[in-house]
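Remember, it's a predicted structure, so these values are computed and weren't measured experimentally. Ligands are counted one by one from 1 in listed order, and the atoms in each one are counted from 1 as well.
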Amino acid sequence: MKSHAKAVVIGGGVVGASVLYHLTKAGWKDVLLIERAELTSGSTWHAAGGMHTVNGDPNVAKLQQYTIELYKEIEAISGQSCGVHVTGGLMLAGTRERLDWLKMTKARGRYLGMDLEIISVDEAAKLFPLLEKKHFTGAMYDPIEGHVDPYGVTHAYAKSAQIGGAEIVRHTRVTDLKQRADGSWDVITDHGNVHAEHVVNAAGLWAREVGRMVGLELPILAMEHQYLITGDLPQLVGKPEQLHAIDFEGEIYLRQERGGMLMGTYERAGVPWSEVTTPWDFGQDLLANDLERIAPSLEVGFEHFPALESAGIRKVVNGPFTFAPDGNPLIGPVKGLKNFWVACGVMAGFSQGGGVGLALSRWMVDGDPGADVWGMDVARYGDWTTLAYTNAKVRENYSRRFRIRFPNEELAAARPLRTTPIYERLAAEHAVFGDYCGLENALWFAPTQAEAVDEVSFRRSNAHPHIARECATVRDHAGLLEISNYGKFEVQGPAAAEWLSKMMANRIPGVGRIALSPMLNDRGKLIGDFTLCRISADHFFLIGTYAAETFYLRWFERHLPPAGVTVRPCAMQYAGLSVAGPKSRALLQGLVRDDLSTGSFPFMSFKRMEVGMVPAYVGRVSFTGELGYEMWVTTEYQRTLYDLLVKAGLEHGLRSFGGRALNAMRIEKNFGTWAREYRPIYGPFEAGLGRFVDFKKDDFIGRAAAAEEKESGGALRLVAFKVETTDADAIGDEPIWHEGKVVGWVTSGTFGHRVGASLALGYVPRSVAAAESGFEIEIIGERHRATRLAAPLYDAAGGLMRG
Ligand SMILES: Cc1cc2nc3c(=O)[nH]c(=O)nc-3n(C[C@H](O)[C@H](O)[C@H](O)COP(=O)(O)OP(=O)(O)OC[C@H]3O[C@@H](n4cnc5c(N)ncnc54)[C@H](O)[C@@H]3O)c2cc1C
């Protein structure tokens with residue numbers, strides 16, 4: 001084994017092998033993979049090898065497409081067969097909701113370039129004769145599903161990497177990692193040490209253990225997973241290979257394995273494996289079968305595919321593999337650990353391994369993943385993902401693998417975990433809560449406790465009239481909203497203003513003022529949108545997206561100077577309340593000594609005030625588009641502030657409103673939000689944030705690329721639409737059609753209660769963005785006429801919020 005390497009990859013499963021290959025492809029030849037046994041000695045060796053392009057996150061779906069296309073390339077380089085069988089696949093629906101879901105998935109596939117087709121049960125039965133038609137209502141056909149040989153794929157990556165210059169060392173276990181002062185790593189193994197500039201944790205089933213070597217508790221857990229292989233079926237003799245099939249109602253997947261069928265299930269009563277530590281002596285082993293646990297799925301399977309029952313069971317496989325709480329991989333650099341990278345929690349290695357390797361290698365070599373990998377970024381999690389939280393969420397996710405997640409559906413596991421001081425107050429107002437980063441927040445308020453339940457649906461739900469009432473209150477009187485779930489940072493020090501000016505694209509506000517600013521990466525793409533509030537010359541309060549806190553901190557850390565500025569995340573130290581609506585000024589004026597008139601405290605002002613006895617930062621800004629104020633207090637004051645506002649609000653018609661109403665109101669104003677309208681695939685001019693890029697400053701990250709985008713106009717435009725629909729609104733990810741062709745995708749949609757219209761925001765090519773007509777938006781399989789809105793439908797001139 002060499003004593004020095006540019007990068008050491010720990011783990012020779014399919015993921016580590018892919019990372020190694022992609023590093024050589026990106027130009028790093030001095031790379032070493034260390035594997036404690038033979039390659040594939042974790043989850044990889046006993047995988048069923050299935051591959052699919054469909055994923056709930058379109059950006060992850062793109063990386064899955066890439067993975068499947070890659071197999072030809074690594075076979076050609078290595079001469080090693082990947083055992084690719086592209087059989088095509090069927091997703092079978094047994095209910096109306098599932099068929100709706102398939103139609104939505106097919107629609108999303110349109111702008112991803114996927115060739116998906118909705119077919120009838122009769123057509124499905126022709127393609128997959130084993131099914132019993134009476135259990136199904138329709139299906140979706142995907143021509144590029146199939147399966148691969150896990151051993152072949154891993155070795156094809158490994159050989160291709162070796163041909164590219166990489167070294168692979170087997171039977172060597174990494175036992176510890178020590179970081180040197182310059183950020184490089186001593187990789188300690190049972191066969192000597194290696195000094196490496198970069199380390200990648202691709203240790204699969206042992207990724208937690210490798211994380212712990214550097215003080216990191218990764219939110220992953222392995223679950224036991226069982227599949228069985230039936231005896232030979234006479235029905236398959238002399239026939240072309242059977243398609244892959246997923247039977248959602250049966251919660252099983254099927255594919256042909258020689259003369260029989262392989263049938264696997266994500267059973268509801270899934271069992272985690274090695275909940276705290278993974279034994280090092282586990283290798284190419286299997287776990288004891290537990291057919292009783294999968295008996296309910298088998299029963300349904302035998303009913304839905306009767307020929308399987310008579311074929312008998314030839315073999316059962318029970319093996320563990322890892323999941324993150326949301327089931328997506330964990331990749332990227334880790335905050336606070338220079339040159340330490342993770343590529344783990346990959347639950348579908350044969351669909352995702354290639355994409356994970358590509359994105360991570362680009363990130364390591366170029367400093368940027370080159371694609372929108374937010375859905376897989378390890379930074380999407382934070383301190384709340386304790387071992388027990390992860391355990392509860394992974395079990396839930398596993399058990400729901402083949403269940404529909406409705407857009408208004410909140411999941412129950414690991415709740416309530418984090419609550420703010422007014423949680424009980426809001427519950428007493430019949431709040432329906434949602435979970436955001438483990439924090440409970442009010443989504444909407446029901447008139448009675450009995451009605452405080454979301455009926456999950458793709459269409460307008462039981463909450464619709466109540467959200468309408470909340471919006472009307474905000475429009476006509478005043479609404480009270482908890483905003484504790486926003487991300488917050490305090491930036492302080494003599495160099496704070498200068499540093500922020502480099503990080504943010506907009507000008508830095510003067511003392512007592514607020515500015516909105518995009519944050520760009522070096523490629524000039526959006527990696528954040530912030531509200532910058534200036535408390536004093538060298539003290540700033542930043543408000544952003546809480547889910548991205550670790551993501552932001554990692555970026556800040558990369559760019560912080562050695563002295564002169566500190567950044568302190570303080571989201572949970574400051575609780576927030578907002579009052580919005582025409583009566584909000586009169587209400588708040590009764591509680592503060594400061595003059596709140598527009599002359600003294602205009603729109604976008606920020607000031608420390610005493611609200612009653614409560615010291616608060618007050619900003620004159622509201623995401624609702626109404627006259628409004630945001631108040632930030634350290635958490636011990638929140639209850640008192642809430643009581644004060646509620647009492648004072650009585651004479652102003654104040655009522656609580658929740659996150660769903662806020663979302664509807666921000667869309668009525670065409671206000672975008674992080675992870676929907678603002679993501680690293682869009683530039684500020686494409687996203688309509690050009691006015692917040694200040695080219696008078698000559699030095700901020702992304703300036704050159706943003707200037708180029710301004711000059712060229714960029715490729716896309718964020719556009720707002722009014723949609724002609726009656727009972728279902730866009731929710732996001734629907735295709736946008738223009739003159740009969742799919743040209744773009746929806747990022748957010750809602751019913752706008754203040755304007756009485758169904759609305760959507762989405763991206764289309766700049767060339768069609770100004771078209772007067774011809775747009776349609778496809779919602780649950782039906783195309784609806786959409787009118788492009790040149791200006792927000794609600795208060796286009798912005799007089800209400802400024803007045
Ligand atoms: C029963 C079953 C069926 C499955 N079916 C499918 C399927 O149909 N399709 C699909 O895409 N996926 C499937 N999977 C999931 C798939 O197996 C995983 O996504 C994939 O194997 C993850 O690969 P990995 O490289 O991340 O981890 P692993 O395969 O666990 O590899 C990690 C490697 O790291 C090595 N290692 C760990 N720690 C150290 C150390 N300290 N020093 C040196 N080496 C170390 C281990 O020995 C191991 O070889 C299935 C899994 C199971 C169990």
Side-chain angles (χ1 to χ4, degrees), residues 8-20 32-52 55 64 67-68 145-151 153-154 157-158 168-177 187-191 194 199-213 220 222-229 244 246 253-255 257 262 264-266 273 278-287 289 316-323 327 329-331 342-357 401:
V8 164
V9 178
I10 305 169
V14 64
V15 173
S18 167
V19 170
L20 190 74
L32 170 68
L33 184 146
I34 303 179
E35 164 56 50
R36 67 186 182 111
E38 289 296 339
L39 297 180
T40 76
S41 292
S43 314
T44 300
W45 77 276
H46 50 224
M51 54 180 193
H52 321 265
N55 186 287
Q64 294 190 181
T67 302
I68 294 171
E145 270 189 47
H147 59 97
V148 289
D149 164 24
Y151 173 95
V153 168
T154 310
Y157 279 130
I168 296 178
V169 179
R170 292 158 221 243
H171 300 287
T172 302
R173 176 151 78 87
V174 173
T175 54
D176 207 357
L177 292 163
V187 181
I188 319 290
T189 82
D190 52 4
H191 286 85
V194 189
V199 167
V200 181
N201 176 0
L205 285 177
W206 295 266
R208 272 182 319 185
E209 279 63 29
V210 171
R212 285 172 192 155
M213 292 176 192
I220 43 178
M223 296 292 292
E224 291 192 15
H225 182 72
Q226 301 187 79
Y227 64 78
L228 57 84
I229 297 169
H244 265 238
I246 294 178
Y253 60 88
L254 300 148
R255 73 164 168 86
E257 174 72 19
L262 181 154
T265 178
Y266 287 80
W273 178 72
T278 313
W280 287 109
D281 60 0
F282 188 84
Q284 293 199 344
D285 300 298
L286 288 176
L287 306 173
N289 303 330
V316 181
V317 171
N318 183 8
F321 63 115
T322 54
F323 295 78
L330 296 175
I331 75 165
V342 296
C344 55
V346 182
M347 61 79 56
F350 302 96
S351 303
Q352 299 174 337
V356 164
R401 172 92 178 114

Inset, instruction - For atom 44 (N) of ligand 1, find the nearest protein heavy atom and state the residue, atom name and distance (0.1 Å precision). - result: Arg36 N, 3.0 Å
Inset, instruction - With heavy atoms under 4.0 Å as the rule, classify the contact between Gln352 and ligand 1 as side chain, backbone, both or neither. - result: neither
Legend entry - Interfacing atoms of ligand 1 (cut-off 4.0 Å, heavy-atom, Leu205): 30 (O)
Legend entry - Val316 side chain near Leu286 side chain, heavy-atom distance below 4.5 Å: no
Inset, instruction - Provide, to 0.1 Å, the distance between atom 14 (N) of ligand 1 and the closest protein heavy atom, together with that atom's residue and name. - result: Ala47 CB, 3.7 Å
Legend entry - Ring centre gap for Tyr253 and His225 strictly below 6.0 Å: yes
Legend entry - Option set Tyr253, Trp273, Phe282, Phe321, criterion heavy-atom distance to atom 52 (C) of ligand 1, minimum: Phe321
Inset, instruction - Tell me which protein heavy atom sits closest to atom 3 (C) of ligand 1, plus the residue, atom name and distance to 0.1 Å. - result: Ala48 N, 3.4 Å
Inset, instruction - Give the residue, atom name and distance (to 0.1 Å) of the protein heavy atom nearest atom 31 (O) of ligand 1. - result: Gly13 CA, 3.4 Å
Legend entry - Partners meeting side-chain hydrogen bond (donor to acceptor under 3.5 Å, both in side chains) with Asp176 (sequence neighbours left out): Lys178
Legend entry - Glu35 side chain to His171 side chain, donor-acceptor N/O pair below 3.5 angstrom: no
Inset, instruction - Please identify which atoms of ligand 1 are closer than 4.0 Å to at least one heavy atom of Val346. - result: 18 (C), 19 (O), 22 (C)
Inset, instruction - Please state which part of Trp280 comes within less than 4.0 Å of ligand 1, counting heavy atoms only: side chain, backbone, both or neither. - result: side chain
Inset, instruction - Check whether any side-chain heavy atom of Leu32 lies under 4.5 Å from a side-chain heavy atom of Val187, and answer yes or no. - result: no
Inset, instruction - List the closest protein heavy-atom neighbour of atom 21 (O) of ligand 1: residue, atom name, distance to the nearest 0.1 Å. - result: Thr44 OG1, 2.9 Å
Inset, instruction - Would you check if Tyr157 and Val14 make a side-chain contact, meaning some heavy-atom pair closer than 4.5 Å? - result: yes
Inset, instruction - Compare all side-chain heavy atoms of Val169 with those of His191 and state whether any distance is below 4.5 angstrom. - result: no
Legend entry - Which of the ligand 1 atoms, numbered from 1, are nearer than 4.0 Å to a heavy atom of His225: 1 (C), 2 (C), 3 (C)
Inset, instruction - Identify, by atom number and element, the atoms of ligand 1 in contact range of Gly319, meaning under 4.0 Å from any of its heavy atoms. - result: 53 (C)
Legend entry - Under-4.0 Å heavy-atom contact with ligand 1, by part of Phe350 that carries it: both
Legend entry - Taking atom 8 (O) of ligand 1 as the reference point, the nearest protein heavy atom with its distance: Gly50 N, 2.8 Å
Inset, instruction - Measure Tyr227 to ligand 1 on non-hydrogen atoms and call it side chain, backbone, both or neither using the 4.0 Å cut-off. - result: side chain
Legend entry - Contacting atoms of ligand 1, where contact means under 4.0 angstrom from a heavy atom of Val15: 23 (O), 24 (P), 25 (O), 26 (O)
Inset, instruction - For Thr172, take its heavy atoms, then give the atoms of ligand 1 lying under 4.0 Å from any of them. - result: 43 (C)
Legend entry - Polar side chain donor-acceptor pair, Gln284 to Thr40, under 3.5 angstrom: yes
Legend entry - Nearest atoms (heavy-atom pairs only) where Ile68 meets Met51: CG1-SD, 3.9 Å
Legend entry - Note, Trp206 side chain near Ile10 side chain (heavy atom, < 4.5 Å): no
Inset, instruction - Tell me which protein heavy atom sits closest to atom 42 (N) of ligand 1, plus the residue, atom name and distance to 0.1 Å. - result: Val174 N, 3.0 Å
Inset, instruction - Could you list the atoms of ligand 1 found under 4.0 angstrom from a heavy atom of Pro320? - result: 53 (C)
Legend entry - Residue pair Ser41 / Arg36, side-chain donor-acceptor N/O under 3.5 Å: no
Inset, instruction - Would you mind running through ligand 1 and noting each atom that sits below 4.0 Å from a heavy atom of Ala203? - result: 32 (C), 34 (O), 37 (C), 38 (N)
Legend entry - Student check: side-chain heavy atoms of Val174 and Met213 closer than 4.5 Å: yes
Inset, instruction - Classify the ring geometry between Tyr266 and Phe323 as parallel (under 30°), tilted (30 to 60°) or perpendicular (over 60°). - result: perpendicular
Inset, instruction - Look at atom 28 (P) of ligand 1 and say which protein heavy atom is nearest, naming residue and atom and giving the distance to 0.1 Å. - result: Ser43 N, 3.5 Å
